[in-house]
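Below is one structure, written out as structure tokens; comments come after it.
Just so you know, residue 1 is the first one in the sequence shown, and it goes up from there.
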Amino acid sequence: MASVCSRLLRSSSYLLRPNSCHSGYLEGFGGNILRRWSTTVTTEQRVLKLEEEEGNQISEDKIANIQHEYDAAKRRFLKIPDALKEMPRLDPKGIYVNKNLRLDDIQVYGFDYDYTLAHYSSNLQSLIYDLAKEYLVNELRYPDSCLKFKYDHKFPIRGLYYDKSKGCLMKLDFFGSIEPDGCYFGRRKLSRSEINNMYGTRHIGRDQARGLVGLMDFFCFSEACLIADIVQHFVEAELEFDASYVYQDVNRAIQHVHRSGLAHRGILADPHKYLVKNGQLLRFLRMLREKGKKLFMLTNSPYYFVDGGMRFMLEDSLGYLDSWRELFDVVIAKANKPEFYTSEHPFRCYDVEKDTLAFSKVDAFLPNKIYYHGCLKTFLQITKWNGPEVIYFGDHLFSDLRGPSKAGWRTAAIIHELENEIRIQNEDSYRFEQAKFHIVQELLGKLHSTVSNSESEAYKSLLVELNEERQKARCTMKTMFNGSFGATFLTDTGQESAFSYHIHQFADVYTSKPENFLFYPPEAWLHVPYDIKIMPHHVKVSSNLFKI
């Protein structure tokens, strides 16, 4: 009612202004009308003042209500709510579904080798890192001081991006924005203001994205750490450098380690140090054979390396005369993925005894033979295996899974980190911090939406307290996974990462190891959870747990 009165009074004051077109009318009535106008103005000012006081009182009441809600929540923060303990725990060895999959429709199972069938210890990253830095120094003439670098297993995670134009190593969220606490120049974390000064915004636009390279497979740990260490070294030594050249050189060194066979020979020289024995894998492959499924291996690694690794991993489970090759209908090595899916390279039959390639045309895949190179087009022509009946397992989202998904195959991403990250998410301490973060975020949303630009001390105090509590919860959750970049699949706020986006895009299902399929019957129907938002293995702890 007060606001209606004020509008009427403002309209009246306009009509009664002395310098308006009604000035003659005003003069005709002498001083009475001026006194009446003066009284009107005074009344309007009083109404406006009342409105302002009323608005301030409403704001103070809202602030007080939000403060009351927060105080009530803090009383519950003192101990983990019983509701958290009653929440179901996710299975670290479960299969998580992005697209519905009927296993009874799958007749053909295909597998990558490295980090899919083969399980490696953490020692492998140090080996690759050391061999790559030696190549940088000995072949590309990097400073000898680089030989002092040591691989830091606590620093990198999978799914990071390197900006070739600016030299930053960063983590992105599901929508392509830079994680505020996950952007490094060398080994120094950039502040939010530095990120804004460098990029103008946290969101990476299309033009900027062209300068980014994704580090997505398991070998990228060594690459990410070596890039950051090289940049840091150049900065500290005050040497001029081009960030794109750093990436080119480090990537060239990493590729040399693989293609030259240095890493392969190092692993086979001491398999106990680098490879993990795995009898469960043999059980899984044999179970598929018993169910009448077709199996094939498609790997970029050379045969001698695959053979040595499979023999070591399965030697305790295979019979004396058995060979791992008998498990597979087709074995293709040095396939050169991802070009395998788009090229028209011919297959070559590999002579295991002579270590040579045959010259005859391959128009059939014979039992117990090994094949090199080839392409998807010829593979499908020879096998007659239709897309939807084939599922392919791989760890690299781009090299392994993007091609098969476009070809109509079903895809399964093998993400070893998944087990550990689910175990952390299952812990009460993590869920407690997650719930705390959600309720603080909710209260901050209320505060910003209902109170704007308040200068009151109560508002400022509550805003500071909520922001500090939110930041504390974010930091706690992050350090549970990785001190530098947090979780592989999540941002610090519990939202999905860019790596999760690519899993969602290219993997029908994902799990930590192929043999986890042993826990599901081959006729199982795997469905996307009805309440899923993005990633099915993420449980969002509701802030309602803290409400009284």
Side-chain angles (χ1 to χ4, degrees), residues 125 128-129 132-133 135-136 140 142 146 149 151-192 194-236 239-258 338 395-399 402 417 482-489 491 497-503:
Q125 300 301 334
I128 296 170
Y129 180 94
K133 77 181 181 186
Y135 181 84
L136 288 172
L140 302 184
Y142 270 60
C146 293
F149 295 169
Y151 176 69
D152 181 3
H153 71 276
K154 295 181 180 179
F155 178 68
I157 62 171
R158 196 199 313 220
L160 300 177
Y161 288 82
Y162 178 70
D163 187 341
K164 292 185 292 183
S165 64
K166 295 181 171 63
C168 294
L169 189 66
M170 65 186 73
K171 178 181 175 183
L172 302 180
D173 68 14
F174 194 88
F175 302 102
S177 294
I178 301 171
E179 179 78 344
D181 292 326
C183 185
Y184 284 75
F185 185 70
R187 297 298 295 271
R188 184 178 70 85
K189 184 169 71 173
L190 299 181
S191 66
R192 297 192 182 204
E194 287 177 312
I195 295 173
N196 289 332
N197 290 336
M198 190 173 291
Y199 291 95
T201 173
R202 285 202 301 113
H203 183 71
I204 298 294
R206 182 176 298 176
D207 292 338
Q208 290 176 319
R210 294 190 183 99
L212 301 184
V213 287
L215 307 175
M216 296 291 160
D217 66 355
F218 217 90
F219 293 115
C220 73
F221 288 78
S222 308
E223 187 174 7
C225 191
L226 189 53
I227 287 173
D229 288 343
I230 291 290
V231 171
Q232 185 64 33
H233 180 72
F234 284 166
V235 170
E236 291 177 352
L239 299 173
E240 292 187 8
F241 67 96
D242 187 302
S244 64
Y245 295 158
V246 171
Y247 171 74
Q248 290 174 15
D249 292 344
V250 171
N251 183 257
R252 179 179 169 185
I254 295 288
Q255 293 302 322
H256 172 77
V257 168
H258 298 311
D395 73 295
H396 197 300
L397 301 177
F398 297 152
S399 295
R402 179 161 53 183
E417 305 95 302
N482 174 283
S484 301
F485 295 99
T488 304
F489 300 90
T491 65
S497 65
F499 182 69
S500 291
Y501 170 80
H502 294 304
I503 294 177

Stepwise side-chain contact (heavy atoms from CB on, under 4.5 Å) check, L215 with L169: CA-CA 10 Å; L215 307 175; L169 189 66; 3.9 Å; yes

Over 12 foreign heavy atoms within 6.0 Å of NE2, H258: yes

Check: N482 side chain, K154 main-chain N or O, donor-acceptor pair, under 3.5 Å: yes

Side-chain heavy atoms of Y135 within contact of I254, under 4.5 Å: no

Minimum heavy-atom distance between F174 and S500, given as atom pair plus value: CE1-C, 4.3 Å

Nearest heavy-atom neighbours spanning T491 and S497: CG2-CA, 4.3 Å

Side-chain (Y501) to main-chain (G176) donor-acceptor, under 3.5 angstrom: no

Partner of M170 by side chain to side chain contact (heavy atoms under 4.5 Å, CB included), out of I178, I195, L160: I178

Row check, Y151 ring normal vs K133 NZ/CZ: under 6.0 Å, within 45°: no

Considering all heavy atoms, the nearest T488-R158 contact: CG2-O, 3.7 Å

Evaluation steps, side-chain contact (heavy atoms from CB on, under 4.5 Å), between L136 and I230: CA-CA 10 Å; L136 288 172; I230 291 290; 4.1 Å; yes

Geometric class of the Y247/Y162 ring pair [parallel <30°, tilted 30-60°, perpendicular >60°]: parallel

Heavy-atom pair of closest approach, residues V257 and A132: CG2-N, 3.6 Å

Neighbour count >12 (heavy atoms, 6.0 Å) for atom CZ, R202: yes

Least distance between heavy atoms, F149 atom then D229 atom: CZ-O, 3.8 Å

Electrostatic pair D152-R187, nearest N-O below 4.0 angstrom: yes

Whether F485 and Y184 hold their rings parallel, tilted or perpendicular, with breakpoints at 30° and 60°: tilted

Atom pair CG (L190) and CE (M198), whose distance is rounded to the nearest 0.5 Å: 5.5 Å

Pair Y199-D163, side-chain contact (heavy atoms from CB on, under 4.5 Å): steps then yes or no: CA-CA 11 Å; Y199 291 95; D163 187 341; 2.7 Å; yes

Heavy-atom pair with the smallest gap, counting every atom of Q232 and F185: OE1-O, 3.7 Å

Side-chain heavy atoms of Y161 within contact of I204, under 4.5 Å: no

